[in-house]
Every structure is written in C-alpha cells, then in structure tokens.
Amino acid sequence: MRLRYLVFWLPILATSFLLSAQTTLRQAADQRRLLIGSAAQAGEYGGLNLLTDTQYATTLASHFNMLEGENAMKWGPIHPSATSYNFTGADRLAAFAREQKMKLRGHTLLWHQSNPTWLTDQAKTATPQAMAATLKGHIDTLVGRYKGQIFAWDVVNEAVSDSATANGTLLRDSPWNNQPGIGLTGTAYIEQAFRWAHEADPDALLFYNDYNIEAPGGKFSAVLNMVRGLVARGVPIHGVGFQMHLTTSGYPNSAGLRENFQAIAALGLQIHITEMDVRLPVTNGVATEANLAIQAATYSRIVTICLQTPACTALQTWGFTDKYSWVPGFFTGFGAALPFDASYQPKPAVPAMLNTFQTIAPTLAANAIVNAASFKGGAVAPGELVTIFGANYGPATIVGAALDANGLVSSNLVGTRVLFDGVPAPLIYSLAGQVSAVVPYEVAGRQQTSVQYEFNGVQSAAVSMNVASTAPAIFAADSTGSGPGLILTPGYLVISDANPAPAGSVVIVLATGAGGVVGGARSGGIAQGIGQQTAAITATIGGWDADIAYAGPAPGLVNGVLQVNLTVPKGLIPGVYPVVLTVGGARTQDGISIAVR
Ligand code: XIL
C-alpha cells in the first residue's frame, strides 16, 4: 500500500541521512525501499541457537531487514510427528524478527524434500482425502500461528521438474502430487495449497519459489505458464521467488534475467530473490581473490537488476556468513558462497553491493507524478504541490520540509532534489518511494517540463510532463485524495461529520494547482499576506454556487497552496455535499465533500 502524506505545514528539522563509512547493507537497502534478507538458523537441528550468538545476531540484524528460517519452518523440523508440532526454532526466528524490526518470510508449506518419514510413509497408503486433510491442517496451523507476523510465504517450493518445457508443465513427484497425492491432478493441487494459505491469512503475500528459473528456457517457461494460469483463474498468488543459487559461470546472463523478471512483473506479480548465494571453488575452505572479485561483481549485478525492476521487492541470501552455509555439504569442492566470511568480516561482495545501492539511478515513471491533493496525474501547473511515487532511492524515514537560509522552503532535503528543467523544486517531504514538491513557478508558459528526481547526487532519467496553467485539486482531510475535504472553520477547526459547517457560514477550503498569482509568487516562499490568483475561480457546494470572499495564497503556508474562503449556500439542508472549485476553467477532482448542518 502506498503511504500518502500531507505534511506541507510542518517545517521539520532535517537530520542527515548521508551514508557514512559504517553504512550497512540494511541501511543502504532501506534507502532503496528494498527488502534485504537472509536465511537464518535458529537451532532447529542440534539445539544450537545461533540467534543467541552475538556476532551472528548483530551481523544479521544490522545488515538485513528481513529473515527467513533456513529450515525451521520446513515440514521435518516443525511437524515431527503426525500429531505434534515443534515451533521452537520458528518462534525464535519470529521473536528475533520482531525485536529487530525485520520482516519475516515463511519457507515452505509444500515441498518434495525435508519431509518427515511419518509423512512419506503415510503418503504410500493414505487416501487422497486423508492427505488433503493433512496438508490443509498443516497449512492452517502454520499460516494461522504466524498470521500478522509472516508477511510472505513460499507456499509451494520446487514443484516443477527440471526437465519441464514450455509445452507442458511437468510436475515433480511429491507426497502431495500423483501418489495419489491430495486427489487433484495437474496444477490443481498447487492451486489448492495457495487457496488454503490465503484462507488462513488473507493478508500474507503468497509465493511460488523455484531454482534454475533465472534464465529463459524450458523450466522458466513451464513456471511462467503455470503461474499465468493461476493468475488467470484468480488463485491468490502474489509473487514468484527466484532462488538464485549461482556460481561464477555468468549464469544467469543479465538480459535473460531481466526478460524473466519482466515476464513475471507483466502478470502483476512481485519478484523476491529468495536464496541467493554464489559458490566458489575452494581449497581448504579458501577461495581465490580472483573468484571473490567475480563473486562481488555477481552480487552487485543481481542487486542492479533488482533495483531496476520495480516488481523486484526483496533480495535474500541463503545465509550470510560462510561459517554456516549449506554449500560445502551439498556441492563438493565449493564454498565461500556468502557475503560475509567465516569470521563475519565483509567480503568484497559487501562493498560492491553497497556501492550499487548508492549509484544505480532511481526509477521514475511518467504516471508517478500526481497532484498532491487528488493523487491524480496529468499536466502539472506552476506552483502545484505534486507527489512523486516510486523513486526508489531516498531517506528511509520521512523527512519534512525545512526552511533554508533565505526563509524559503528548501529544495534539498537530506540529499533529495526534484528538478523541473533543471530548477530545483521546493520540497514538502521526502521518503524513499514518495516525495512531495512544489512545481516551480518558472515552468509557467512552457508546453512541457522535464522532471528529474535526485538523491545523494544520483539522478533518475528525465520524465517529460505537460504543463497547464492550472491543475486544481482540493486536499482531503485524511490525505487520501477524496472524501471529506481539508476544509476549516474560520477558527481553523477541520469540518467533519462530527463538526459540520452551518449553512450560510464561511469556510476555508485548502487546495493546490491554481497556477500563478497576480504580481508573481516566489517558488518556495511562505505567503506573507493575502494575494490574488491570476485565474478566475468559482465554487459550488452541492451544485449550488458558493460565494467566494477570498481566493489566493494561504498566509503562513508555502506558495502554491490555495486558500478559498467561501460561504456555504444558505438554503442547504443538513447533509454531505460535493465541493467543487473551478480554476481557470479546470475543475477540482470528484469525490471531495463537506458536511453541512
Ligand atoms: C537447504 C538448507 O540450506 C539445508 O540446511 C538443508 O539441509 C536442505 O535444504 N532450495 C531450497 C532450500 O528451497 O530450502 C534449501 O535449503 C536449498 C535449496
């Protein structure tokens, strides 16, 4: 969900968000609005609770904002007998995530591996009905227990065969499929698992997760076809997890990975990179410097592609320290696959990723620039307060407007700038992914303006916007763009259902996009007194003309906020009525109302 802030009246002192030498992956990813995660071990095997190991815990919490159990939530550890669950490891992870304000991913509800013997035995003789009940019971129990804590689940892991092709989704054998599984054929058993997970937590994001789908080819095509079918049938699936277990071979090539990401994004799904590691040939656990450099370049290349793909919302490594990694046990002769070494020291991959986070241009879409009052797009007008969504590089927490040495609303907030034809715009607030600015009056008279977003000196590509003389909209009281307007009594109380305006009384409507002011207005200036808009302004309430006593700058607020004092028509009976301003022939948005008594 997009946050919608309206804080133009708050000059908040800016604190510095400039990155220091001690920047962690987490801080850098927070500024990119990207989740950066790691698989973690919580003592699910052998009772060793790594989360109580200070070096393990502090490295994990300082460099990552997301975590996932490497094994703790798999069937074997968490459901050790038909009638019992062991939540010890999973609960430790959940508690750690809560304490360290990290997002928690769940892995996994349905897989052909890590299944307990009681389950694989049961699958040999049980009826499909009994298997279905077992699976549903497990999904209900896990998803239900961590409802509101696990924001995303790998519902189904690795269900597609390595030899699948575009022509047919070849599914693997598993206790849940075809033996006779839960009694559903084809992808129907997968679909059922997603539906059960969704019922158990309607707010959780549900993922299909797999490996060797990073490059175009048969397996990816099969996964894409399956997922496309699920989406078409309205199955609650929200994303695809790309495991990304890599070597230094150059797999996947960048173009192919981008192509696959685009294909998933085109279905309206998110992408999580879920299990990244880059294994290296090792001698006595030691990799060559040359290979460590290739590894660093590989991590940074994948971060780049993720940052440049708006649908790619999380990047997770499969563990973070070479001290604890599945690689040496599973790939003979390989190791050293993770960003930190066995002593928790950053390997070259860490500065490489940090550098990528700090240098890749933020993405900015043309439809991302909208009126700050209505959140509607279209042409921009001089002095209009606009909100820009999606620029994925900025301060991790919101920073509000500040005045500069000249008493003007500053056009540089902790390294954020928004340029209109190179002119920096006064900024209302800045947050990675959402920034609000005042369109400089300098765009007046132009047909188009070229907009660039900048953070810490890194600029987005320019987006061309049409310029209009006015583009009016009324602020909503709750900053959602519609509903009760930000309309005040002469005593500055917000009018609401609980505080309706008397018919015949004067009210103050706050709006923006009214264009120029007679005599000119300075970009970023605070309106000192009354003035007059260049454009003609009329108002209606409930379709009746409302007399305007004043329409111009709002004294004390930044130039670009329009204040209209109007009289609620006398004859109105109590009720909620639409409010519309017409400014230079352009109407404010539908859906703004005022309560009248
Ligand atoms: C691996 C774990 O890392 C090992 O500790 C465990 O013994 C086996 O499973 N794909 C997945 C992960 O989806 O769950 C696997 O994790 C690695 C491959």
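Keep in mind that the numbers below use all heavy atoms, side chains included, and drop hydrogens, waters and symmetry copies. Counting starts at 1 for both ligands and their atoms, in listed order.
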Under 4.0 Å from a heavy atom of [X]: give me the atoms of ligand 1 that qualify, with their elements.
X: His107; result: 11 (C), 12 (C), 13 (O), 14 (O)
X: His245; result: 18 (C)
X: Glu158; result: 10 (N), 11 (C), 13 (O), 18 (C)

Does only the side chain of [X] get under 4.0 Å from ligand 1, or the backbone, or both, or neither? Count heavy atoms.
X: Asp154; result: neither
X: Asn157; result: side chain
X: Trp318; result: side chain

Any N or O of Trp326 closer than 3.5 Å to N or O of ligand 1: no

query: Judging by distance only, is a nitrogen or oxygen of Gln243 under 3.5 angstrom from one on ligand 1?
result: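 In this structure, Gln243 places an N or O atom under 3.5 Å from an N or O of ligand 1.
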
field: Donor-acceptor side-chain pairing of Glu275 and Gln316 below 3.5 angstrom
entry: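 No - no donor-acceptor pair under 3.5 Å links their side chains.
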
field: Short side-chain donor-acceptor distance under 3.5 Å, Tyr251 and Asn253
entry: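 Not at all, the side chains of Asn253 and Tyr251 share no donor-acceptor pair under 3.5 Å.
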
- request: Would you tell me which option among Met73, Glu70, Glu275, Lys74 has the nearest heavy-atom contact to atom 1 (C) of ligand 1?
  value: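 Among Met73, Glu70, Glu275, Lys74, the closest heavy atom to atom 1 (C) of ligand 1 belongs to Lys74.
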
Between [X] and [Y], what is the ring plane arrangement, given parallel below 30°, perpendicular above 60°, and tilted in between?
X: Phe320; Y: Tyr344; value: tilted
X: His272; Y: Phe151; value: tilted
X: Trp318; Y: His107; value: perpendicular
X: Trp118; Y: Trp75; value: tilted

- prompt: For the residue pair Tyr393 and Phe357, is the inter-centroid distance of their aromatic rings smaller than 6.0 Å?
  reply: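 No, the ring centres sit 6.0 Å or more apart.
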
task: Examine ligand 1 and decide if any of its atoms is less than 4.0 Å from a heavy atom belonging to Phe330.
output: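 Within the 4.0 Å threshold, so yes.
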
